[in-house]
Amino acid sequence: MSWAQSVTQCIQSGGMLTSVEDLAESNFLVEHADLYTSKTSGFWIGIYRNVNGHLLWQDNSPLDFVNWGEGQPSEDQLAYCVELSASTGYWSILPCSSQKGFICKKPKINPFLFTLYLFTDAKKDKAKSHLNMWILLTLVLIILLGIGFMIYFSFKIKMQSETGREARWCSRQLEYSHAQTGMDNEGDSTNDKEKNEHSVV
């Protein structure tokens, strides 16, 4: 895709072309971009020149880190865009109409979630993305079924333990009532003996 198409694609997915803020992030990108070298030699990143000729990141982060390749950038290429080499990680200037992959960066949702998306030409990967979608849907369905079974069995076990507890309680109550009845009978027989003794005298 061209640089402009890449920008549009990133915006539609909720992000922007990536900024590279330090060497660690650059190494991370190269490590993951290397997986796609068979599809593209480089990826568009979010550097652009403003109307004053200054280089800026599309996401407005400061341009404190640069990783230009040898002889880059040249001043006569002001209208050109920047790619990150998939194999070396160095940046170079190319015509913005060149067909490259691109890297989108989405804003952090929480401190533990940092997402970078690597995109290549969408036309080539359309069938693969459909397959990935079906795999993802299948996994989500399996997870939901697993959660459903866990809830069902935990509820069933809880109900069985409550039923067992009630049965033990009823059994104890029954034993207690039998014991009370036996004691009442003994008390009655003692009273009867006393009555009989008083009547004999």
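The figures that follow rest on heavy atoms only: side chains count, while hydrogens, waters and symmetry mates do not. Since the model is a prediction, treat every value here as computed from it, not as a measurement.
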field: Path from Phe28 to Leu84 over hydrophobic side-chain contacts below 4.5 Å
entry: yes
- prompt: Among side-chain atoms of Lys100 and Ser41, is any donor-acceptor pair under 3.5 angstrom?
  reply: yes
message: Would the distance check show the side chain of Thr88 and the main-chain N or O of Tyr90 forming a donor-acceptor pair, the cut-off being under 3.5 Å?
response: yes
- request: For Gln5 and Met1, indicate whether the former's side chain and the latter's backbone hold a donor-acceptor pair under 3.5 Å.
  value: no
- prompt: Quick check: does any side chain N or O of Asp64 sit under 3.5 Å from a backbone N or O of Asp22, one acting as donor and the other as acceptor?
  reply: no
field: Heavy-atom pair of closest approach, residues Trp44 and Cys96
entry: CZ2-O, 3.9 Å
- prompt: Do the ring planes of Tyr48 and Trp3 sit parallel (below 30°), tilted (30 to 60°) or perpendicular (above 60°)?
  reply: tilted
- prompt: Mind checking whether Leu144 and Tyr152 sit in one hydrophobic cluster, side chains of I, L, V, M, F, W, Y counted as touching below 4.5 Å?
  reply: no
- prompt: When you measure from the side chain of Gln58 to the backbone N and O of Leu17, does any donor-acceptor pair fall under 3.5 Å?
  reply: yes
message: Please check: side-chain N/O of Lys106 versus main-chain N/O of Met16, any donor-acceptor pairing under 3.5 Å?
response: no
task: Hey, could you give me the CD/OG distance between Gln72 and Ser92, rounded to the nearest 0.5 Å?
output: 5.0 Å
message: Counting C-beta onward and ignoring hydrogens, is there a side-chain heavy-atom pair between Trp57 and Ile45 closer than 4.5 Å?
response: yes
Student check: side-chain heavy atoms of Trp91 and Val66 closer than 4.5 Å: yes
query: With hydrophobic residues grouped by side-chain heavy-atom distances under 4.5 Å, do Phe43 and Leu23 end up in a single group?
result: yes
task: To the nearest 0.5 Å, tell me how far Ser26 OG sits from Phe65 CZ.
output: 4.5 Å
query: Where the side chain of Thr8 meets the backbone of Ala4, is there a donor-acceptor pair that is under 3.5 Å apart?
result: yes
- prompt: Can you find a pair of side-chain heavy atoms, one from Val82 and one from Trp68, that are under 4.5 Å apart?
  reply: yes
query: With no hydrogens and no angle check, is any side-chain donor or acceptor of Glu83 less than 3.5 Å from a backbone partner on Cys81?
result: no
- prompt: Quick one: does Ser154's side chain have a donor or acceptor within less than 3.5 Å of a partner on Met150's backbone?
  reply: yes
- prompt: Is there side-chain contact between Val20 and Asn67, with at least one heavy-atom pair below 4.5 Å?
  reply: no
message: Please give me the minimum heavy-atom distance between Ser97 and Gln99, naming the atom from each residue.
response: O-NE2, 3.2 Å
query: Less than 4.5 Å apart, any side-chain heavy atom of Leu63 and any of Leu56?
result: no
